[in-house]
Structure formats: C-alpha cells, structure tokens
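Everything below concerns the one structure shown next.
In each ligand, atom 1 is the first atom listed, and ligand 1 is the first ligand listed.
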Amino acid sequence: MVEPKIAPSILAADFTRLGDQVEAVAQAGADRLHMDIMDGQFVPNISFGPLVLQALSKVTRLPLETHLMIEKPDRYLEDFAKAGASSLIVHTEGANHLHRTLDRIRSLGLKVGVAINPATPATILDPILDMVDLVLVMTVNPGFGGQKFLERTLPKITEIRNRIEKLQLNIELEVDGGIDPVSAPRVVAAGATVLVAGSAVFGSPHGIQKAINMLKSNS
Ligand code: DX5
Ligand code: ZN
C-alpha cells in the first residue's frame with residue numbers, strides 16, 4: 001500500500017510554543033500543516049485566523065493547507081492567500097456559489113480543495129470534481145479535535161476514490177477527524193492518500209516522531 005501523506009492539525013498543538021511544535025512535526029516528516037479555521041457560525045467553535053498563518057509562514061517551509069470551516073468563505077479567500085496559505089479548502093455546505101469560489105481560489109494561485117461533512121453524499125462532488133486538486137472527506141462532524149472516527153464514512157471514501165480513478169483525475173483524497181493508528185490503515189485501504197491528524201500527533205503518549213511514524217507505517 002502507498003504510504004499516506006501526513007498533515008498534522010495544529011489545533012491540537014500547544015499554542016504557548018507553536019513554533020517549536022511546528023518545527024517538531026517538520027523534523028518528524030510531516031508533509032504539510034493543516035490549519036483549521038473556525039468562525040463560530042459554520043461550526044460551533046472559534047479557532048484562529050490569518051495572523052497565525054502569517055506568523056507560521058515565516059518559520060516553516062511546510063505548506064499551510066487551510067481548512068475553512070466558515071460561513072461565506074469568499075469574504076476571506078484573499079486574506080488567507082496573503083497570509084501564506086498554500087491551499088484553501090472550502091466546504092460544499094458553506095459555499096453558496098461553489099464554482100465561483102473554487103475559481104477564485106485557483107485565480108489566487110493556490111491549490112483548490114473541497115470538503116464534505118459526514119452526512120453529505122459523495123455525488124455532490126460530481127459537478128466540480130475536475131476543478132479541484134484535493135477532496136477532504138470529514139470523518140467526524142467538524143468543529144472540534146479529539147472526536148471519534150465515524151466508521152460509516154468509509155464507503156464514501158471508496159466511492160470518491162473510484163470516481164477519481166474512473167475519471168482519471170489527479171486529485172488527492174484526504175480524510176480529517178479521529179485519525180489514529182487504528183483508523184489510519186482503514187482509511188488508506190478505503191482510498192485515502194492524505195491523513196489529517198491532530199490529537200494523534202500532538203497528544204500522542206509516544207511523542208511526535210513516533211506518532212507520525214505510526215500513522216505512516218501502520219497504513
Ligand atoms: C475538525 C477539524 C480537524 C481536527 C482533527 O473540525 O477539521 O482537522 O483538528 O482533530 P483530531 O485529529 O484530533 O480528530
Ligand atoms: Zn480540518
């Protein structure tokens with residue numbers, strides 16, 4: 001099986017020493033950083049905004065993959081681009097004019113991602129699949145780190161993988177929520193190529209290096 005890419009979510013990091021934590025995941029072989037942006041509207045929680053990306057972009061070479069869990073994401077695309085995002089991921093459920101939003105992300109020169117919640121069917125992606133570089137399948141309901149992996153998302157991952165293969169598209173398939181050494185091999189077997197992990201990286205009792213090794217090699 002192909003080794004998955006690992007995208008640690010800094011939501012689970014120790015914010016009092018964020019720079020060190022980012023350095024630690026970079027050293028441990030993380031492929032990118034996952035930035036969870038929450039506005040207290042699209043999801044109940046509030047996290048952080050472009051200032052944090054701007055600060056981190058000065059201390060790391062890792063790409064800043066930015067997951068926008070916000071209402072009307074169009075309002076902030078440019079701000080996050082300026083702050084150093086490498087890709088912007090918008091939810092089908094939060095963007096009223098998805099084509100336009102995806103076009104705008106592309107025109108900002110960033111990688112284009114689309115995310116779907118656990119209760120959203122894969123078919124919603126059909127009209128826009130060839131417009132994106134990455135599909136993010138939520139394997140928990142977004143809003144908080146440390147939730148339990150939802151098993152019932154597994155067939156949907158495979159469904160999207162099959163669709164990507166059938167259309168011969170060059171798209172990454174990423175999963176987000178409750179990914180740990182137990183769920184990792186299952187989502188990879190289902191067709192995921194990139195794993196977001198917050199608690200399983202920053203909260204691992206084995207330390208960051210071992211945590212990332214386990215997520216990669218277990219799969
Ligand atoms: C959930 C976020 C996730 C979260 C993952 O709303 O989108 O990226 O930080 O956290 P864990 O890996 O702890 O489930
Ligand atoms: Zn996320």
Side-chain angles (χ1 to χ4, degrees), residues 4-15 18 21-22 25 28 30-50 52-53 56 62-71 73 76 80 85-95 111-120 132-154 157 172-188 192-206 208 210-212 214-216 218-219:
K5 291 192 170 135
I6 307 296
S9 164
I10 65 154
L11 198 63
D14 178 349
F15 275 55
L18 197 48
Q21 296 255 280
V22 164
V25 294
D31 297 279
R32 60 186 74 166
L33 286 180
H34 185 81
M35 316 293 288
D36 281 312
I37 314 300
M38 305 177 179
D39 67 349
Q41 297 289 326
F42 182 73
V43 289
N45 204 1
I46 297 177
S47 60
F48 53 84
V52 173
L53 270 82
L56 288 181
L62 288 178
L64 304 180
E65 165 181 281
T66 306
H67 178 191
L68 297 176
M69 287 164 277
I70 61 179
E71 294 284 349
Y76 293 102
F80 282 102
S86 59
S87 57
L88 291 176
I89 304 173
V90 290
H91 273 261
T92 58
E93 305 89 356
K111 291 212 164 158
V112 182
V114 67
I116 56 172
N117 282 337
T120 303
V132 302
D133 302 301
L134 176 145
V135 171
L136 178 67
V137 175
M138 291 308 301
T139 42
V140 298
N141 283 292
F144 301 94
Q147 301 183 76
K148 192 174 174 308
F149 173 72
L150 294 172
E151 306 253 338
R152 64 172 64 218
T153 58
L154 283 168
I157 298 166
E172 292 188 303
L173 183 49
E174 184 170 40
V175 288
D176 185 5
I179 303 301
D180 61 18
V182 177
S183 53
R186 303 184 68 196
V187 291
V188 171
T193 54
V194 188
L195 312 181
V196 176
S199 342
V201 168
F202 293 104
S204 170
H206 307 291
I208 285 174
K210 180 115 193 276
I212 290 186
M214 281 162 77
L215 289 172
K216 285 201 176 197
N218 257 23
S219 303

Exercise. Does any N/O atom on Ala200 come nearer than 3.5 Å to any N/O atom on ligand 1?
Worked result: no
For this session: Report, in ascending order of atom number, the atoms of ligand 1 lying under 4.0 Å from any heavy atom of Pro142.
Result: 6 (O)
For this session: Could you tell me whether the side chain of Ser183 and the main chain of Asp180 form a donor-acceptor pair under 3.5 Å?
Result: yes
Exercise. Do Thr139 side-chain atoms and Asp176 backbone N/O form a donor-acceptor pair below 3.5 Å?
Worked result: yes
Seminar exercise, completed: For OD2 in Asp176 and OD1 in Asp36, the angle at the Zn ion (ligand 2) (nearest 10°) is 170°
Problem set entry | Whether Thr66 side chain and Leu88 backbone form a donor-acceptor pair below 3.5 Å | no
Exercise. Any idea which atoms of ligand 1 are less than 4.0 Å away from a heavy-atom of Met138?
Worked result: 7 (O)
Exercise. Can you list the atoms of ligand 1 that are under 4.0 Å from a heavy atom of Leu11?
Worked result: 9 (O)
Exercise. How far does CG of Leu18 sit from CG of Leu56, to the nearest 0.5 angstrom?
Worked result: 4.5 Å
Problem set entry | Shortest protein contact, atom 14 (O) of ligand 1 (heavy atom only) | Gly178 N, 2.8 Å
Problem set entry | Minimum-distance protein heavy atom relative to atom 12 (O) of ligand 1 | Gly198 N, 2.7 Å
For this session: Please identify which atoms of ligand 1 are closer than 4.0 Å to at least one heavy atom of His34.
Result: 8 (O)
Seminar exercise, completed: Interatomic distance, NE2@His206 vs CD1@Ile212, rounded to 0.5 Å, equals 13.5 Å
Exercise. Going by heavy atoms, is Gly177 under 4.0 Å from ligand 1?
Worked result: yes
For this session: Going by the side-chain contact (heavy atoms from CB on, under 4.5 Å) test, name the single residue among Glu172, Lys111, His67 that passes it with Ser87.
Result: Lys111
Exercise. Is it true that Ala12 lies under 4.0 Å from ligand 1, counting heavy atoms only?
Worked result: no
Seminar exercise, completed: Within 4.0 Å of some non-hydrogen atom of His67, the atoms of ligand 1 are 7 (O)
Exercise. Looking only at heavy atoms, is any part of Ser9 under 4.0 Å from ligand 1, and if so is it the side chain, the backbone, or both, or is it neither?
Worked result: side chain
Seminar exercise, completed: Partner of Phe202 under side-chain contact (heavy atoms from CB on, under 4.5 Å), picked from Val25, Asp14, Leu11, is Val25
Exercise. At a 4.0 Å threshold, what atoms of ligand 1 neighbour a non-hydrogen atom of Gly145?
Worked result: 10 (O), 13 (O)
Exercise. Could Lys5 and Glu174 be called an ion pair, given the rule that one side-chain N must be under 4.0 Å from one carboxylate O?
Worked result: no
Problem set entry | Neighbour count above 12 (heavy atom, 6.0 Å) for Phe48 CZ | yes
Exercise. What atoms in ligand 1 come closer than 4.0 Å to a heavy atom of Ala197?
Worked result: 12 (O)
Seminar exercise, completed: atom 6 (O) of ligand 1: closest protein heavy atom, distance to 0.1 Å, is Gly143 N, 2.7 Å
For this session: Please confirm whether the backbone N or O of Glu71 pairs with a side-chain atom of Asp39, one donor and one acceptor, at under 3.5 Å?
Result: yes
For this session: Using only N, O or S atoms, tell me which atom of His67 is closest to the Zn ion (ligand 2).
Result: ND1
Exercise. Which of the atoms in ligand 1, numbered in the order shown and given with their element, are less than 4.0 Å from a heavy-atom of Val196?
Worked result: 8 (O)
For this session: If you have a sec, work out which protein heavy atom is nearest atom 5 (C) of ligand 1 and how many Å separate them, to one decimal?
Result: Asp176 OD1, 3.6 Å
Exercise. Taking Glu65 for the side chain and Ala7 for the main chain, is one N or O donor matched with an acceptor at less than 3.5 Å?
Worked result: no
Problem set entry | Met69 CE to Ile37 CD1 distance, which is reported to the nearest 0.5 Å | 7.5 Å
Exercise. Does an N or O anywhere in Ser199 fall below 3.5 Å from an N or O of ligand 1?
Worked result: yes
Exercise. Quick check: does any side chain N or O of Asn117 sit under 3.5 Å from a backbone N or O of Asn141, one acting as donor and the other as acceptor?
Worked result: no
For this session: Measure the distance from atom 1 (C) of ligand 1 to every protein heavy atom, then report the residue, atom name and distance (to 0.1 Å) of the closest one.
Result: Phe144 O, 3.6 Å
Problem set entry | From the candidates Ile89, Ile179, Ile10, Asp36, the one that places a heavy atom nearest atom 9 (O) of ligand 1 | Asp36
